[in-house]
Asker: 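Right, I'll just put the structure down here and ask away after.
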Amino acid sequence: APTAYQQLTSVARYLQDNPDISIEVRGYSDPVGSEKYNESLAERRAAAVKKALNTVFKIKGDRLHIKAMGENDSLSENYQINRRVDFAIK
């Protein structure tokens with residue numbers, strides 16, 4: 001499986017090749033802990049990915065929109081899978 005850095009590189013390359021596209025960087029968390037804490041954690045995850053795309057790969061910040069997804073947006077009962085960031089083209 002590709003590493004997180006390899007996946008981020010792929011997203012950055014796509015954005016570099018398509019300068020008119022913006023994306024939503026969506027952070028998730030597992031349901032352990034309070035809903036407020038998990039929302040904050042999900043937002044911090046998305047913000048960290050946005051920062052990496054902006055600083056490491058020089059993608060302009062105004063093309064990257066962060067969103068914290070709720071704990072009800074889980075993919076699996078396996079909590080590790082739910083601790084993630086994904087992307088949606090805007």
Asker: Please determine whether the number of non-hydrogen atoms from other residues, nucleotides or ligands lying under 6.0 Å from atom CD of Gln7 exceeds 12.
Answerer: yes

Asker: Knowing that exactly one of Leu53, Val49, Thr55 qualifies, which makes a side chain to side chain contact (heavy atoms under 4.5 Å, CB included) with Lys51?
Answerer: Thr55

Asker: Could I get the full list of side chain to side chain contact (heavy atoms under 4.5 Å, CB included) partners for Thr3, not counting sequence neighbours?
Answerer: Tyr5, Gln6

Asker: Where is the tightest heavy-atom contact between Gly27 and Ala46, given as atom of each residue plus distance?
Answerer: N-CB, 3.7 Å

Asker: So, do Tyr28 and Leu41 sit near enough that their side-chain heavy atoms are less than 4.5 Å apart?
Answerer: no

Asker: List in chain and number order the residues that pass side chain to side chain donor-acceptor pair (under 3.5 Å) with Ser40, two or more places apart in sequence or in another chain; answer none if no residue qualifies.
Answerer: Arg44

Asker: Tell me if a side-chain donor or acceptor on Asp30 pairs with a main-chain N or O of Arg83 at a distance below 3.5 Å.
Answerer: no

Asker: One pair to check against side-chain contact (heavy atoms from CB on, under 4.5 Å): Lys90 and Ile23. What are the steps and the verdict?
Answerer: CA-CA 5 Å; Lys90 293 195 75 153; Ile23 62 169; 5.6 Å; no

Asker: Identify the heavy atoms of Met69 and Ala42 that sit nearest to each other, and give their distance.
Answerer: O-CB, 4.0 Å

Asker: Is it the case that the side chain of Asn18 and the backbone of Asp20 share a donor-acceptor pair, with hydrogens and angles ignored and the cut-off at 3.5 Å?
Answerer: no

Asker: Between atom CG of Asp62 and atom OG of Ser22, what is the distance when rounded to the nearest 0.5 Å?
Answerer: 7.0 Å

Asker: Out of curiosity, does Ile66 fall in the hydrophobic cluster containing Tyr14 (side-chain heavy atoms, cut-off under 4.5 Å, transitive links)?
Answerer: yes

Asker: Using modelled atom types only, decide if a donor and an acceptor are shared between the side chain of Arg63 and the backbone of Ile21 within a distance under 3.5 Å.
Answerer: yes

Asker: Which pair of non-hydrogen atoms, one from Ser29 and one from Asn38, has the smallest distance, and what is that distance?
Answerer: OG-CB, 3.0 Å

Asker: One pair to check against side-chain contact (heavy atoms from CB on, under 4.5 Å): Leu8 and Phe57. What are the steps and the verdict?
Answerer: CA-CA 9 Å; Leu8 201 55; Phe57 298 101; 4.0 Å; yes

Asker: Mark yes or no for whether Asp86, through its side chain, and Val25, through its backbone, hold a donor-acceptor pair below 3.5 Å.
Answerer: no

Asker: Taking the side chain as C-beta and beyond, is there a heavy-atom pair between Val85 and Arg26 under 4.5 Å?
Answerer: no

Asker: Verify, without hydrogens or angle tests, whether Lys50 (side chain) and Leu64 (backbone) share a donor-acceptor contact under 3.5 angstrom.
Answerer: yes

